[in-house]
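What follows is a short report on a single structure.
We use all heavy atoms of the structure for the numbers below, so side chains are in, but hydrogens, waters and symmetry mates are not. Below, chain A is the first sequence line, B the second, and so on; all start at residue 1.
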Amino acid sequence: MQRVSLLLLVLLSAMMIILGKADQVMFESLRVSVTDTAAPLLDIASRPLATLEALADRARDLVAVYRDNARLTEENERLLRWRQAALSLASENTELRGLLKLAPVPPASFVTARVIGNTGGAYVRNLMVNAGSEHGVARGQAAITGEGLVGRMAEVGSRAARVLLITDLNSRIPVIVEGARLRAVLTGDNSDRPALRYLDTVSGIKIGDRVVSSGEGGIFPPGLPVGVIASLEGEAPRVEPYVELSRVEYMRIVDYGLADGLPKPVQPAPRVGRR
Amino acid sequence: MGSPTGSPSRFSPLLASAAAERTMAFGSVSIRQYADNPVARLLPLVTTLLAVLISIQPVAIPGYAALTPAFTLMAVYHWTIYRPNLLPPALLFLVGLLQDLLAGAPPGATALILLLARVGLLPYRRYFVDPPFPFVWAGFTLLTGGAMLLLWSLHCLLDRGFVDFRGTVFRAVLTISLFPVASFVLGRVQRALMGTG
């Protein structure tokens with residue numbers, strides 16, 4: 001009897017895998033409700049480890065305190081000079097916008113969220129955060145840190161949500177390479193360095209060129225820092241993200257007012273550019 | 001299958017208890033002791049759920065997400081050998097599904113692997129119950145190898161291409177290396193809550 005039920009369950013699991021692949025939407029609401037239920041527990045559970053890591057960081061910092069101090073002082077001076085440049089550029093910008101009668105950029109609202117879970121797979125790259133629709137998070141919104149783009153909100157529950165990282169296999173971000181002004185799509189492949197695909201040409205791209213979001217498709221606003229070109233070998237240039245994705249603890253989920261641009265996943269067959 | 005007592009020992013009773021002490025807390029148990037303790041009956045499920053929780057913890061080590069050891073597999077291996085009736089297929093399915101849903105993996109993948117682990121493990125259970133720990137570890141190595149291979153082929157099929165195999169190998173090695181710790185902890189807990197059995 002137990003053997004029969006065991007075999008039945010094996011078959012059921014196999015069926016679920018196939019169904020889940022064919023119809024992405026079917027399990028989304030189940031996943032969202034499970035995530036929502038588990039979120040408070042995961043939130044509490046991830047804090048001790050985060051505290052330990054903070055302590056380890058603190059210890060490391062203590063060891064390097066003199067060296068870091070010198071470096072930070074120098075960086076501070078440099079940044080203060082940049083601040084002056086930025087202020088004068090900002091005022092020049094406002095004047096020029098006024099001259100062109102450019103429509104003002106609407107202010108973006110954001111929610112700060114904490115990472116409470118991580119996938120344990122080499123095959124999926126996403127994070128679970130403790131902010132959901134009751135905090136104003138919606139599908140398609142950008143998740144950023146001070147360094148740059150982290151990913152895009154994929155599944156949103158009421159208390160928790162899932163961020164699809166830019167390195168995930170399903171992630172497609174329209175970007176532009178700043179030096180050569182070339183448009184491309186940043187395509188994740190579950191490695192640490194996503195690839196640039198759909199480039200018109202590779203010439204003009206140098207290692208170290210900044211890659212930012214291009215704003216195409218109305219999914220993200222233009223100009224969000226994504227990463228730098230790290231390698232030109234292989235079939236596609238590879239981008240080193242600005243954000244250290246394995247160390248993200250807090251991120252901002254920003255509503256640029258463009259969230260409607262992301263189409264809902266269509267049933268049943270998967271297509272290029274799904275989600 | 002699924003009686004709480006172990007296989008009859010081939011040694012004399014004195015050697016048998018010594019052998020039982022060497023393995024992670026299995027020996028003979030009185031039916032009354034086992035049935036009296038409802039908390040003990042939940043122990044396998046609770047520890048497996050804890051393993052799922054640990055699998056999802058974000059750890060700030062670069063690349064950890066791709067190499068997270070399969071803690072759930074460790075717990076399932078341990079309990080399927082020592083107390084298979086307390087972790088029946090239905091629970092394995094639910095725990096596997098829960099892990100898939102929380103971790104963002106295709107729903108059913110972990111459930112399938114855990115169930116197949118039970119299918120493969122139960123007929124050979126008696127080889128791992130009494131013998132000393134290195135045998136138990138060796139058995140886990142085989143299981144992990146098979147499970148990782150299966151998981152890798154599954155993702156190759158689902159994503160229609162070859163996914164990273166080296167990462168899978170590293171993950172398997174890490175899981176196998178951490179198994180003694182999990183086995184020790186689970187064995188201690190088992191001994192404490194279930195008596196010497």
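- With hydrogens and angles ignored, the 3.5 Å screen pairs no side-chain donor or acceptor of Arg31(A) with any backbone N or O of Pro107(B).
- Considering only heavy-atom pairs separated by less than 4.5 Å from chain A, the leading option among Leu101(B), Leu115(B), Ile113(B), Leu157(B) is Leu101(B).
- Chain B forms more heavy-atom pairs under 4.5 Å with one residue of Ser13(A), Ala160(A), Ala14(A), Ser191(A) than with any other, namely Ser13(A).
- From Arg118(B), atom CZ reaches atom CG of Leu6(A) across 6.5 Å, with rounding to the nearest 0.5 Å.
- By the 4.5 Å heavy-atom criterion applied to side chains, Glu53(A) and Val59(B) are counted as neighbours.
- Residue contact with chain B, scored on non-hydrogen atoms closer than 4.5 Å, is absent for Leu11(A).
- Expressed to the nearest 0.5 Å, how far CG of Leu9(A) lies from CG of Leu116(B) amounts to 11.0 Å.
- For a residue to count as touching a neighbouring chain, one of its non-hydrogen atoms must lie under 4.5 Å from one of that chain's; by this rule Leu97(B) touches chain A with the side chain only.
- Summarising the geometry, atom CG belonging to Leu102(B) is positioned 12.5 Å from atom CG belonging to Asn118(A); distances are rounded to the nearest 0.5 Å.
- Surrounding CZ of Phe165(B) are more than 12 heavy atoms belonging to other residues, nucleotides or ligands, all under 6.0 Å away.
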Show your reasoning for whether side-chain contact (heavy atoms from CB on, under 4.5 Å) applies to Gln57(B) and Ile116(A).
-> CA-CA 7 Å; Gln57(B) 288 309 304; Ile116(A) 59 175; over 6 Å; no
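- In this structure, chain A has no heavy atom under 4.5 Å from any part of Leu114(B).
- Among the residues in residues 236-252 of chain A, those with a non-hydrogen atom closer than 4.5 angstrom to a non-hydrogen atom of chain B are Glu244(A), Ser246(A), Arg247(A).
- Proximity to chain B among residues 37-51 of chain A is limited to Ala38(A), Leu41(A), Leu42(A), Ala45(A), Ser46(A), Leu49(A), judged by heavy-atom separations below 4.5 angstrom.
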